[in-house]
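For reference, the structure discussed in these notes is given below.
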Amino acid sequence: MDMQTRSAAAYAWPNEPNAIPRDIFHREDIYRAEIERIFHGPYWHPVAHDAEIPNPHDYKTFTLGERPLLISRGADGTVRAFINACSHRGVLLVPGFRGHGEQHECPYHRWSFDSAGELRVCPGEDDFIAGFDKANFGLPPVRLESIHGLHFATLDPAAPPLATFLDGMEEIIRRILGGDGRLTLLGYQKVVFDCNWKAYFDQDGWHAPMLHAAFRMLNWVGGKGVLSGTRHGHRNAHYQIVPNRKPPLLRDPSVIAYEHRPEDGGQLAILFPTTNMNKQMDTMTVRYAVPLGPTRTEVHYTYYAHQDDDEATRRHRLRQSSNMLGPSGFITLEDGAVFNRITKARGAPGNNYMVKGVRLDADPYTDSQQNDELQCVVFWDAYRRALGMTVAA
């Protein structure tokens with residue numbers, strides 16, 4: 001059977017435990033299966049935090065797989081999610097990214113919906129089909145559940161509860177989101193990488209000291225870390241924070257200073273399939289990743305402060321977030337170049353291999369070390385199972 005027309009379920013995954021087939025990073029049929037089985041399937045995806053829509057009638061839009069979403073805080077303060085398309089003729093209802101509005105009017109026929117998704121106005125109603133009732137034409141709702149102010153959506157009514165999906169990650173999320181989720185939004189940086197979403201997400205600890213010259217240039221000293229993973233494909237790392245030696249490169253070394261509770265250490269949560277949450281130094285960040293096709297991925301770097309922060313602390317967090325961990329940050333700029341080169345090599349046959357720290361007797365869920373590739377197995381095992389791929393004999 002032609003490799004380009006085989007279904008994902010018929011795909012024979014390499015039987016070596018450390019091998020990843022290269023063609024899954026660019027095949028259109030595999031990407032279509034991912035959209036349906038993962039992004040439109042029984043998985044939960046962070047789409048907004050309370051800090052992004054703090055007031056009644058605030059809204060944010062998001063794309064989940066290929067479904068346009070509208071996340072809106074109603075007049076009653078409740079956050080809801082809907083399909084962002086007019087229930088009349090399917091026109092995109094809200095084109096902007098974030099905003100405030102008690103009503104959302106479709107430009108095509110002037111149907112208007114409130115912030116709770118209810119249809120309120122539809123001109124010419126006297127001439128509508130018999131039995132027409134506005135109550136039956138509200139925006140289609142999308143399942144939404146929340147933890148520490150972070151709202152997760154799923155498009156599959158059969159998806160398990162969010163707590164089941166998170167599989168013990170709740171405490172880690174709490175630490176990253178300031179201990180209680182009471183955050184304020186500092187801002188965003190957005191970038192489109194010329195790479196498959198899996199290439200963006202499949203990052204190991206080993207590459208950091210190998211690729212990122214800033215670790216050496218900034219006299220970065222890494223502390224010891226503890227890594228673990230879950231059967232749902234989530235990964236996390238909790239590591240010591242070691243104060244940076246004053247680097248000669250920076251005129252203002254305060255941008256990389258640890259000022260707030262360094263004894264708590266750093267915390268990284270990588271939630272399957274595409275979310276990266278990071279408490280690095282004094283930053284609190286969530287990266288929302290949106291696949292745009294087999295070789296394009298949009299990432300929203302979202303930066304937060306705590307509601308109790310004073311203005312100086314807010315400014316420090318913002319400077320550190322964008323300068324250290326943004327798409328052009330001191331220690332992340334090289335990632336984009338590597339992502340692009342992965343895409344340019346998409347014609348290379350064969351498999352990719354994880355080798356650093358990979359032992360046949362090791363458990364990737366508990367035995368991974370900070371600068372190894374072993375923990376990547378956690379993601380790839382969950383991915384293979386999500387697409388129903390069987391291991392080759």
Side-chain angles (χ1 to χ4, degrees), residues 44-55 58 60 62 71 73 77-79 98 144-153 162-163 165-189 223 225-228 230 234-244 254-271 274-289 299-326 329 331-332:
W44 290 92
H45 309 263
V47 294
H49 189 274
D50 277 340
E52 299 174 83
I53 45 173
N55 304 307
D58 285 350
K60 174 188 176 184
F62 192 82
I71 302 97
R73 188 178 294 275
T78 300
V79 175
R98 286 179 63 235
L144 200 70
E145 292 190 26
S146 309
I147 177 173
H148 304 302
L150 186 62
H151 301 284
F152 291 72
L162 177 61
F165 172 75
L166 290 177
D167 194 18
M169 296 290 288
E170 294 95 329
E171 173 60 20
I172 295 158
I173 293 172
R174 184 191 68 81
R175 290 181 205 156
I176 293 173
L177 298 180
D180 55 13
R182 296 176 50 248
L183 306 181
T184 58
L185 178 67
L186 294 175
Y188 304 88
Q189 287 180 298
V226 177
L227 283 69
S228 62
T230 79
H234 311 314
R235 295 170 283 168
N236 73 85
H238 186 226
Y239 46 89
Q240 295 175 334
I241 286 181
V242 178
N244 292 312
S254 68
V255 73
I256 61 171
Y258 300 116
E259 297 184 359
H260 303 279
R261 299 187 63 84
E263 67 275 10
D264 289 346
Q267 186 74 64
L268 172 67
I270 304 176
L271 304 180
T274 59
T275 304
N276 181 305
M277 304 177 63
N278 208 322
K279 177 187 175 294
Q280 174 71 275
M281 299 182 291
D282 294 318
T283 69
M284 293 180 286
T285 67
V286 176
R287 301 179 191 176
Y288 303 97
V299 182
H300 303 173
Y301 293 70
T302 311
Y303 309 129
Y304 300 101
H306 196 271
Q307 290 182 12
D308 296 339
D309 288 343
D310 58 25
E311 185 57 32
T313 300
R314 285 169 50 88
R315 181 173 177 78
H316 170 65
R317 292 195 198 275
L318 179 58
R319 290 175 68 236
Q320 194 167 84
S321 296
S322 58
N323 284 290
M324 288 296 292
L325 299 175
I331 59 172
T332 51

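By convention here, the first residue in the shown sequence is residue 1.
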**Message:** For L318 versus L186, what's the shortest heavy-atom pair and its separation?
**Reply:**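 Closest approach of L318 to L186: N-CD1, 3.8 Å.
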
Check: [Y] and [X] side chains under 4.5 Å, non-hydrogen atoms:
| X | Y | answer |
| --- | --- | --- |
| H260 | H306 | no |
| R319 | S254 | yes |
| E259 | T313 | no |
| Y303 | Q320 | no |
| V79 | I71 | yes |
| Q267 | N236 | yes |
| L325 | I331 | yes |

**Residue of the set D282, D310, D309 for which salt bridge (charged side-chain N to carboxylate O under 4.0 Å, His left out) holds with R317** =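 Option passing the salt bridge (charged side-chain N to carboxylate O under 4.0 Å, His left out) with R317: D309.
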
**Salt-bridge criterion met for D58 and R98 (N-O under 4.0 Å)** = no

**Asked** Would E170 and R174 pass as an ion pair if we require N to O under 4.0 Å?
**Response** no

**Request:** Answer yes or no for K60 and Y288: cation-pi contact, defined as NZ/CZ to six-membered ring centre under 6.0 Å and angle to ring axis within 45°.
**Result:** yes

